[in-house]
Chemist: 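Take a look at this one; I'll ask things after.
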There are 2 protein chains.
Amino acid sequence: MTTKKTRPQAPSFDFPLPFTTVDVVIFTVADDALKVLLVQRPQDKKSEPFPGWWALPGGFVDVAVDQDLLACAERKLREKTGVLTPYLEQLGSWGGAARDPRGWSATHVYFALIPSRDIELAKGANAADVAWFAVEDVLADPRLAFDHAAILQTAVERLRGRVEYTSLPAFLLPEPFTLPQLQRIYEIVLNRAVDKSGFRTRMLAAQFLVEAGHVEGSSNRPAMGYRLADRRTPVVFPRTFSPRD
Amino acid sequence: MTTKKTRPQAPSFDFPLPFTTVDVVIFTVADDALKVLLVQRPQDKKSEPFPGWWALPGGFVDVAVDQDLLACAERKLREKTGVLTPYLEQLGSWGGAARDPRGWSATHVYFALIPSRDIELAKGANAADVAWFAVEDVLADPRLAFDHAAILQTAVERLRGRVEYTSLPAFLLPEPFTLPQLQRIYEIVLNRAVDKSGFRTRMLAAQFLVEAGHVEGSSNRPAMGYRLADRRTPVVFPRTFSPRD
DNA sequence: AAAATAGTGTCTTTGAGACAATATCAG
DNA sequence: CTGATATTGTCTCAAAGACACTATTTT
């Protein structure tokens, strides 16, 4: 993490400043499972905390490069996955004296949804230290650097919560996609079955899909393909999926 | 903003750090209107940006005093209002090169809901520079310091959004309160009328209110008083108030 | 024709919206 | 009793849940 161009800090203050970082929780669905992208922290350098541990991709804000927090998050995402314009939403921020052994730090966390086919994991020297993990496995054995386990936990809760009443899962699929494919994504993220008929009615009534011709499935009856009318913002449904107790 | 106790910064880095601040959007309802607490920035000191402008209460994180971001937000809130344990939720963070003339800065924003009777505005020397403003007025003429107008806008949208399907407005009332009083708060925040019958059914079905004996109103029929079963977390309703187009 | 998946129809239930009706207090 | 406010009841409607049924493809 080096600064290419240094800029003089405006007035100097007589009190210590916390570190400012940005982390990105990058989700995708592959192999019928919700996955999250993790990077392995350097093993060798002893100055770096949590050597060899897995962590969310992220790092220090570079005030000479990043115009704002969102731009910084987009940069981190691009550097690790090559993806340019995914669904990206701010999750929140975590900051305190104890989360980083180097001192008081605060991280601004974003979460991203990307179709698994769009991904081209960071190549070159550091290719080996980036990998997808099944969210279920990571949460069951949450040994992540810093407070990243808690952050991931919050991100998954936020994702599951949103999926109950928005079209978010559509951002996890490459276009065009079929309604059965989309339903499958909902079921994977929510970890429960969803009724076919009600699902179709809800999706089509929400008016966010545009037909894109039939897609030839591997076999059997072909299904209608759809694209998103708006690739930036999810649609909000009038009710959640299950008001059941 | 001075640090009482300085702590040596762990390792020194060769790149400039952004400033880290915390701001709090403090809402209450008084005089039949949604209000927000603002503080006036110092007029005299020329080193301070936006002299004389109104701003959200907040300021630099004090790494010697604040254990974490939430504790910092609670401190700011306590210093301005004397309130100890209100409803407090993280709103998000704003950071970039342009928002503060002194340099790259990032602020972590919380929003608080407090009953207007609990408030004791900051006394002493700086009593005059803290005041309640009608949210409607501020949004109509949004001349606030930094990017605080945008932050307030987001906070109001978040509040209005949550109020559609949660019991949040209950945190704006002192206990015990009556259902008609609570309904009035909903109407003020949402800025529209709410049906009485449906409102009562919804509130009572959600099981978050406990009866607290009759409250003698100014006249007419007395209403049942209620307290919150859980003073920390709001209840989520199965649907929003108006799915109408 | 059989298997498999895509897509539709029907009935029930939940909870909101509209609005009328009744209850209980002060004066 | 009257006025005002609190509280309840009735009818309708939108959308979800359950589940059976039909449609279209491949083999």
Side-chain angles (χ1 to χ4, degrees), chain A residues 32 161-167 169 173 176-187 190-226 235-245, chain B residues 32 161-167 169 173 176-187 190-226 235-245:
Chain A
D32 274 354
R162 286 249 193 290
V163 164
E164 293 279 0
Y165 63 99
T166 69
S167 65
L173 278 175
F177 53 83
T178 69
L179 282 179
Q181 284 170 346
L182 184 58
Q183 181 178 349
R184 187 78 193 103
I185 305 290
Y186 271 89
E187 293 179 333
L190 294 176
N191 198 29
R192 70 162 187 267
V194 166
D195 181 77
K196 188 172 43 169
S197 174
F199 179 81
R200 299 176 65 90
T201 320
R202 167 186 276 221
M203 293 302 140
L204 295 175
Q207 302 261 318
F208 69 102
L209 299 172
V210 289
E211 297 193 351
H214 281 268
V215 172
E216 63 275 19
S218 51
S219 72
N220 308 109
R221 176 173 174 177
M224 175 61 71
Y226 294 91
V235 160
V236 177
F237 304 128
R239 306 191 198 168
T240 69
F241 261 105
S242 65
R244 302 256 171 276
D245 294 62
Chain B
D32 274 353
R162 285 246 194 291
V163 165
E164 293 280 0
Y165 63 99
T166 68
S167 65
L173 277 175
F177 53 84
T178 69
L179 283 178
Q181 284 170 346
L182 184 58
Q183 181 178 348
R184 188 79 193 103
I185 304 291
Y186 271 90
E187 293 178 334
L190 293 176
N191 199 28
R192 69 165 188 266
V194 166
D195 181 77
K196 191 170 40 170
S197 173
F199 180 82
R200 301 176 64 92
T201 320
R202 167 186 271 218
M203 293 303 140
L204 295 175
Q207 302 260 316
F208 69 102
L209 298 172
V210 290
E211 296 193 351
H214 281 269
V215 172
E216 65 275 18
S218 50
S219 71
N220 308 110
R221 177 172 174 177
M224 176 61 72
Y226 294 91
V235 159
V236 177
F237 304 129
R239 304 191 201 167
T240 69
F241 261 105
S242 65
R244 301 253 172 278
D245 295 63

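Everything quoted here is computed from the prediction, not taken from an experiment. Per chain, numbering begins at 1; letters A, B, ... match sequence-line order.
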Chemist: What is the separation between atom CZ on B/Arg184 and atom C1' on D/dA4, rounded to the nearest whole Å?
Modeler: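 My rounded result for the distance is 16 Å.
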
Chemist: Answer yes or no: is there a donor N or O on one side and an acceptor on the other, between the side chain of B/Ser167 and the main chain of B/Val235, under 3.5 Å?
Modeler: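 Such a contact is found between B/Ser167 side chain and B/Val235 backbone.
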
Chemist: Can you tell me how far C1' of D/dC1 sits from CG of B/Asn220, to the nearest Å?
Modeler: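 My rounded result for the distance is 15 Å.
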
Chemist: Look at the side-chain N and O atoms of A/Arg239 and state whether any lies under 4.0 Å from the OP1 or OP2 oxygen of C/dG15.
Modeler: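 No, no such contact exists.
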
Chemist: Quick one: does any side-chain atom of A/Arg202 pair with a main-chain N or O of A/Arg239 as donor and acceptor, under 3.5 Å?
Modeler: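 Side chain of A/Arg202 to backbone of A/Arg239: a pair is present.
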
Chemist: How many whole angstroms separate atom CZ of B/Arg202 from atom C1' of D/dT8?
Modeler: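 Value for this atom pair: 19 Å.
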
Chemist: Please list, chain by chain and in numerical order, all residues satisfying side-chain contact (heavy atoms from CB on, under 4.5 Å) with B/Arg184, sequence neighbours excluded.
Modeler: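 Expected list: B/Asp32, B/Glu187, B/Ile188.
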
Chemist: Expressed as a whole number of angstroms, how long is the span from B/Phe177:CZ to D/dA6:C1'?
Modeler: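 In whole Å, D/dA6 C1' and B/Phe177 CZ are 16 Å from each other.
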
Chemist: Do side-chain atoms of A/Thr166 reach the backbone of A/Val236 as a donor and acceptor pair under 3.5 angstrom?
Modeler: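 Looks like no, no N/O pair under 3.5 Å.
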
Chemist: Using a strict cut-off of less than 4.0 Å between a Lys/Arg side-chain nitrogen and an Asp/Glu carboxylate oxygen, indicate whether B/Arg192 and B/Glu164 qualify as a salt bridge.
Modeler: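 So B/Arg192 pairs with B/Glu164 through a salt bridge.
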
Chemist: Set out, line by line, the N/O atom pairs under 3.5 Å between protein and nucleotides 7-9 of chain C.
Modeler:
| from | atom 1 | to | atom 2 | distance (Å) |
| --- | --- | --- | --- | --- |
| C/dG7 | OP1 | A/Met224 | N | 3.0 |
| C/dG7 | OP2 | A/Arg200 | NH1 | 3.1 |
| C/dG7 | OP2 | A/Arg200 | NH2 | 3.4 |
| C/dG7 | O5' | A/Arg200 | NH2 | 3.1 |
| C/dG7 | N7 | A/Lys196 | NZ | 3.2 |
| C/dG7 | O6 | A/Lys196 | NZ | 2.6 |
| C/dG9 | O6 | A/Ser197 | OG | 2.3 |

Chemist: List in chain and number order the residues that pass ring pair (Phe, Tyr, Trp, His ring centres under 6.0 Å) with B/Tyr186, two or more places apart in sequence or in another chain; answer none if no residue qualifies.
Modeler: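 Only B/Phe199, B/Phe241 meet the ring pair (Phe, Tyr, Trp, His ring centres under 6.0 Å) criterion with B/Tyr186.
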
Chemist: Please state how far atom CZ in B/Phe237 lies from atom P in C/dG15, giving the value in whole angstrom units.
Modeler: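 Rounded to whole Å, this separation is 12 Å.
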
Chemist: How close or far is atom P of D/dA16 from atom CD of A/Glu164, stated in whole angstroms?
Modeler: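 These atoms are roughly 12 Å apart.
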
Chemist: Starting at atom CZ of B/Phe199, determine the distance to atom P of D/dT8, rounded to an integer number of angstrom.
Modeler: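 Nearest whole value for this atom pair: 14 Å.
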
